[in-house]
Number of protein chains: 2
Amino acid sequence: MPPPAPVSPLESHLGYRLRIVSNAVSRSFARTVEEEGVTVAEWVFMRVLHDFESLAPTPLAERMGMTKGAITKLASRLVEKKLVKREANPDDKRAQTLSLTSRGRSLVPQLAKIADGNEAAFFGPLTARDRGNLNRILGRIVELRGLKDVPTD
Amino acid sequence: MPPPAPVSPLESHLGYRLRIVSNAVSRSFARTVEEEGVTVAEWVFMRVLHDFESLAPTPLAERMGMTKGAITKLASRLVEKKLVKREANPDDKRAQTLSLTSRGRSLVPQLAKIADGNEAAFFGPLTARDRGNLNRILGRIVELRGLKDVPTD
DNA sequence: TATTGTTATACTCTATAACTATA
DNA sequence: TATAGTTATAGAGTATAACAATA
């Protein structure tokens, strides 16, 4: 009989524990922004647009790590909610530009406040030293793996 | 004119950075186990069953933080793949028990090896000290927020 | 009446690819 | 031909609720 193959416990993996914590943080945030009528992806979309006058779908997709198709779907939903507007580009008739409506623009600070509250609930109880370490270690992984930390430039 | 409301940058949030890293880890793992024909959720399902002779859907759902409905769907897919079997309970005719087939049981070590490899790729390049800190800090959050780190007892 | 598990429904996210209209 | 954006399709995860059988 062959010896039993080793099977390390799930919870011995940092990746597993990371997923548990990250899921809890995202789920908690999702629950709260949902009351404002938006999803997490919609929030990130609006938050990125907030830093720009306007942005075309393709660069937005790159920034958010999504496909163009996903951006179209997200954008359409936000246009329906009157939080984002789509405009034609006079120079290139294929191109579109996306920007926040005034309603969308005024919603961003409210959502930002919710994000800050969620952040405080999960990470506030840690020591400042642990928060600093967590941030540094995650940053190191982002760097080592070349992950895109959204606003690239 | 009111002063502009403060909007903290996305990347200033630990929760956001956590999501980026966690998504990258999970996505990378998903890509690899997919070659073995299973999803991440299916792997966790099988990994939990691996520690038991058999388990009913309800306790399994609690362990995995999923609803009974989700478990049914997952289980049905795994039964189709002949990795899991469903059996009736002679004592309580409502009850079902889920367990790994021999094929399922022999697949677990292979998947565990993939999980170990993924773990090494993402966290191996860190210093041992950083790995320890990351584990401790995540554990602290799990503890503070009362998150279920799957195997509860 | 309460519980076990299944089924139905619905929505988000993700991914791929076909498609259109321009360039 | 290549590019910008849309549309279509499909799978996976999640959540809620209705349901049948059994306790």
Side-chain angles (χ1 to χ4, degrees), chain A residues 19-20 22-31 33-35 37-46 54-81 84-99 148, chain B residues 19-20 22-24 26-31 33-46 54-81 84-99 148:
Chain A
R19 191 170 77 100
I20 287 176
S22 170
N23 282 351
V25 174
S26 293
R27 187 145 26 178
S28 159
F29 181 58
R31 286 272 157 75
V33 289
E34 181 175 288
E35 290 167 24
V38 302
T39 66
V40 175
E42 286 168 3
W43 150 246
V44 175
F45 188 109
M46 292 175 68
S54 66
L55 206 53
T58 298
L60 189 57
E62 279 163 20
R63 241 160 232 285
M64 292 185 62
M66 298 174 73
T67 59
K68 290 183 298 176
I71 291 292
T72 295
K73 215 157 57 163
L74 254 183
S76 300
R77 225 159 55 207
L78 285 165
V79 167
E80 250 179 64
K81 293 181 185 174
V84 162
K85 59 179 188 282
R86 248 195 273 252
E87 282 163 324
N89 181 333
D91 299 336
D92 182 339
K93 286 189 181 172
R94 294 172 306 181
Q96 299 284 329
T97 64
L98 300 165
S99 56
K148 264 200 284 289
Chain B
R19 191 170 77 100
I20 288 175
S22 171
N23 282 352
S26 292
R27 188 146 25 180
S28 159
F29 181 58
R31 287 270 157 75
V33 288
E34 182 175 286
E35 290 167 25
E36 302 295 325
V38 301
T39 67
V40 175
E42 287 169 2
W43 151 246
V44 175
F45 188 109
M46 291 175 69
S54 65
L55 208 51
T58 298
L60 189 58
E62 280 163 18
R63 242 161 232 286
M64 291 185 64
M66 300 174 71
T67 60
K68 291 181 299 175
I71 292 291
T72 295
K73 214 159 60 164
L74 255 182
S76 300
R77 224 159 57 208
L78 285 165
V79 167
E80 250 180 64
K81 294 180 185 175
V84 162
K85 58 179 188 283
R86 249 194 272 254
E87 281 162 324
N89 181 334
D91 299 335
D92 183 338
K93 285 187 180 172
R94 292 172 308 183
Q96 298 284 329
T97 63
L98 300 164
S99 56
K148 264 200 283 289

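Distance A:Leu55 CG to D:dA4 P: 13 Å, rounded to the nearest Å. Rounded to whole Å, the distance from CD on B:Glu34 to P on C:dT14 is 15 Å. Between the P atom of C:dG5 and the CG atom of B:Leu60 lies a distance of 10 Å, rounded to the nearest Å. Put simply, NZ on A:Lys81 is 11 Å from C1' on C:dT12, counting in whole angstrom units. Distance CD1 (B:Ile71) to P (C:dT7): 15 Å, rounded to an integer number of Å. The CZ-P distance, from A:Phe45 to C:dC13, rounds to 12 Å in whole Å. Atom pair B:Glu42:CD and D:dG11:P shows a separation of 13 Å (rounding to whole Å applied). Protein atom CD of A:Glu80 is 12 Å distant from nucleotide atom P of C:dC11, rounded to whole Å.
Checking side-chain atoms of B:Lys81 against main-chain N and O of B:Val38 turns up no donor-acceptor pair under 3.5 Å. Proximity of a side-chain donor or acceptor of B:Ser76 to a complementary backbone N or O of B:Thr72 within less than 3.5 Å is detected.
Contact between the side-chain N/O atoms of B:Arg77 and the OP1/OP2 oxygens of D:dG13 is found at a separation under 4.0 Å. Proximity of A:Thr58 to the phosphate of D:dG5: a side-chain N or O atom is located under 4.0 Å from OP1 or OP2. Contact between the side-chain N/O atoms of A:Arg86 and the OP1/OP2 oxygens of D:dT6 is found at a separation under 4.0 Å.
The side chain of B:Asp92 approaches D:dT22 more closely than any other nucleotide in the set D:dT22, D:dT14, C:dT14. Distances from the side chain of A:Met66 to the nucleotides D:dG13, C:dT14, C:dA15 place C:dT14 closest. You'll find that the side chain of B:Lys68 is closest to C:dG5, out of D:dG5, C:dT14, C:dG5. Taking only side-chain atoms of A:Arg94, from C-beta outward, the nucleotide of D:dA23, C:dA23, C:dG5 with the closest atom is C:dA23.
Map B:Lys73 and B:Ala56 each onto its nearest nucleotide of DNA chain C; the residue landing nearer the 5' end is B:Ala56. The nearest heavy atom of DNA chain D to A:Gly69 and to B:Pro90 marks one nucleotide each, and the one closer to the 5' end goes with A:Gly69. Residue-to-nucleotide proximity on DNA chain C shows that, of B:Gln96 and B:Arg19, the 5′-proximal contact is made by B:Gln96.
Within 4.0 Å (heavy atoms only), B:Lys93 reaches sugar-phosphate atoms of the nucleic acid but no base atom. Contact annotation for A:Thr39: backbone-only contact, meaning every heavy-atom pair under 4.0 Å involves sugar-phosphate atoms and none involves a base. Residue-level contact check: A:Thr72 touches the bases, meaning some heavy atom is under 4.0 Å from a base atom. Among the atoms of the strands shown, none is found under 4.0 Å from any heavy atom of B:Asn23.
Side-chain contact check for B:Val44 versus A:Arg19: some heavy-atom pair is nearer than 4.5 Å. Within the 4.5 Å cutoff, the side chain of B:Ser54 has no heavy atoms near those of the B:Lys85 side chain.
Residues B:Ala41 and B:Met64 share a closest heavy-atom pair of O-CE, 3.8 Å. In plain terms, the two heavy atoms of B:Ile71 and B:Leu98 that are nearest each other are CG2-CD1, 4.4 Å.
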